[in-house]
Q: 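To start, I am sharing the structure in question, which I have written as structure tokens.
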Amino acid sequence: MSPSSANSTLIVRLRHSPDFAVHSHGWCHLAPFSWNDDCLYRVVRLPKSGPRCVALAWSTGTRTVRVTIPGRRIGATDRQSLREQIRWMFRADEDFSEFWALCRSHPALRHCALNRTGALLRSATVFEDVVKTICTVNCHWRNTKRMVTNLCRLFGEPCPGVADAFAFPTPEPMAAASEQDFQEARLGFRARYIRELARRVVDGELDLNAWCRQRDPAVLREMLLSVKGIGSYGANHMLMLLGHYGMIPCDSEVRAYLGIAAKASAREVERRAANRYGRWGRYAFLAYKFERVFCKQNYVDCPD
DNA sequence: TTCCAGGGGTAGA
DNA sequence: TCTACCCATGGA
């Protein structure tokens, strides 16, 4: 699909750079997102039209996302839903001005203020983000991509007119699926966690909207840790996706970046990351993340 | 065959 | 609170 083949568009304005939001972490490569030809694609689920594959594009340096909806025009209800989904995924309502003010005096983070960097892409729903977070646990990134693609193919609704494109599944089909159905997704030990998560959401036992309403990160973290399959890393990663940046999700990349020996415990990694970035307070993760981006782009090691 | 990856759960000390 | 062990998968 090419964005030029579209017959309707939607413009979404942001406070920050969509370019950095998309490329600063790997979420844009997880289905039903895909990155191709300098354009981000996503199969969105619209209330009236069902699954539609839209193209999201922007010019470098601008803060406007142009959403192209190919094929049949969508109505006002779908248009409003699509706008809300894009705004959520790009964090249109988040204000990073305080973080940028802190960055201006830091050599490795000044670029954040200059480029209006801070937001990181997230999925259209919290459910999708939790499932994807569980799929990052103890596996290579390429395996994460495969597992998420498998879930979409097995349980997601196909997008009419687009080959091999599926919306991300809702909790219902996952909750209703058997263990055998899940085996095809090749999730390994993660299958039982995701199945239980879906079942709890469908049963109303777990209210994911409550996570969005909870403004105290410590309380929210405890809520996240109540989900089987979500541990310290997963909880901090979900906090980040929900807009709380005070805790760093310590994975093997953090360990490598900070030069922490493989034999050091996960707790030790968390301690050292907290010591290093603690002065950034509620922006600790953003400081770590974008300092690492700066070092990678400039071919330098982690500064002391 | 062994190791490792964007770890987590559980039991036991 | 910490450690050891197990949990599936797949590529190197």
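Naming: A, B, ... by sequence-line order, numbering from 1 per chain.
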Q: Starting at atom CD of A/E184, determine the distance to atom P of C/dT9, rounded to an integer number of angstrom.
A: 13 Å
Q: Can you check the distance between B/dA11 and C/dA8, where both ends of the measurement are the P atom (answer in whole Å)?
A: 16 Å
Q: Rounding to an integer number of Å, can you tell me how far A/D251 CG sits from B/dG7 P?
A: 5 Å
Q: Categorize A/R255 for me: base, sugar-phosphate, or nothing, with a 4.0 angstrom heavy-atom threshold over every strand shown.
A: nothing
Q: What is the distance, rounded to the nearest whole Å, between atom CG of A/L241 and atom P of B/dG6?
A: 17 Å
Q: Using a 4.0 Å heavy-atom cut-off across all strands, classify A/R146 as base, sugar-phosphate, or nothing.
A: sugar-phosphate
Q: What integer number of Å spans the P atoms of C/dC6 and B/dG6?
A: 23 Å
Q: Under 4.0 angstrom, heavy atoms only, what part of the nucleic acid is A/G234 near: base, sugar-phosphate, or nothing?
A: sugar-phosphate
Q: Over 60° means perpendicular and under 30° means parallel, so classify the ring planes of A/H16 and A/F96, tilted if in between.
A: perpendicular
Q: Look at the aromatic rings of A/W27 and A/H25 and report parallel, tilted or perpendicular, splitting at 30° and 60°.
A: parallel
Q: Taking the six-membered ring of A/Y245, is NZ or CZ of A/R282 closer than 6.0 Å to its centre and within 45° of its axis?
A: no
Q: Could you tell me how far apart A/I194 (CD1) and B/dG9 (P) are, to the nearest whole angstrom?
A: 13 Å
Q: Please name the residue in the list A/T64, A/D38, A/D19 that meets the side chain to side chain donor-acceptor pair (under 3.5 Å) test with A/W58.
A: A/D19
Q: Taking atom types as modelled, find out whether A/N115 and A/S17 have a side-chain donor-acceptor pair closer than 3.5 angstrom.
A: no
Q: Whether A/R190 contacts C/dA8 is assessed here as follows: a side-chain N or O lying under 4.0 Å from the phosphate OP1 or OP2. Is that the case?
A: no
Q: Under a plain distance cut-off of 3.5 Å, with no hydrogens placed, do A/S34 and A/N36 share a side-chain donor-acceptor pair?
A: no
Q: Is the distance from OP1 or OP2 of B/dG6 to the nearest side-chain N or O of A/S252 less than 4.0 Å?
A: yes
Q: Rounded to the Å, how far apart are A/N150 CG and C/dA8 C1'?
A: 14 Å
Q: Which whole-number value in Å describes the distance from A/Q183 CD to C/dA8 C1'?
A: 11 Å
Q: Give the residues of residues 217-232 of chain A touching DNA chain C, defined as any heavy atom closer than 4.0 Å, sorted by residue number.
A: none
Q: Identify, residue by residue, the members of residues 125-145 of chain A with a heavy atom below 4.0 Å from DNA chain C, and return them in order of residue number, or none.
A: A/N138, A/H140, A/R142, A/N143
Q: Could you go step by step and tell me if A/W280 and A/H106 meet the ring-ring contact (aromatic ring centres under 6.0 Å, His included) rule?
A: CA-CA 11 Å; A/W280 289 87; A/H106 194 288; 5.5 Å; yes
Q: If you assign each of A/R192 and A/M240 to its closest nucleotide in DNA chain B, which residue comes earlier from the 5' end?
A: A/M240
Q: A/F189 has an atom CZ; how far is it from atom P of C/dA8, in whole Å?
A: 8 Å
Q: Would you measure the distance from the C1' atom in B/dC4 across to the matching atom in C/dC7 and give it in whole Å?
A: 15 Å
Q: Measure from CH2 on A/W27 to P on B/dG6 and round the result to the nearest Å.
A: 12 Å
Q: Using the six-membered ring wherever Trp is involved, compare the ring planes of A/F294 and A/H111 and label them parallel, tilted or perpendicular (cut-offs 30° and 60°).
A: parallel
Q: May I ask you to decide if the ring planes of A/F182 and A/F155 are parallel, tilted or perpendicular, using 30° and 60° as cut-offs?
A: tilted
Q: Of all the choices, B/dG6, C/dT3, C/dA8, which nucleotide is nearest to the side chain of A/H237 once you look at every atom?
A: B/dG6
Q: Under 4.0 angstrom, heavy atoms only, what part of the nucleic acid is A/R271 near: base, sugar-phosphate, or nothing?
A: sugar-phosphate
Q: What I want to check is whether the side chains of A/Y233 and A/E270 have a donor and an acceptor closer together than 3.5 Å.
A: no
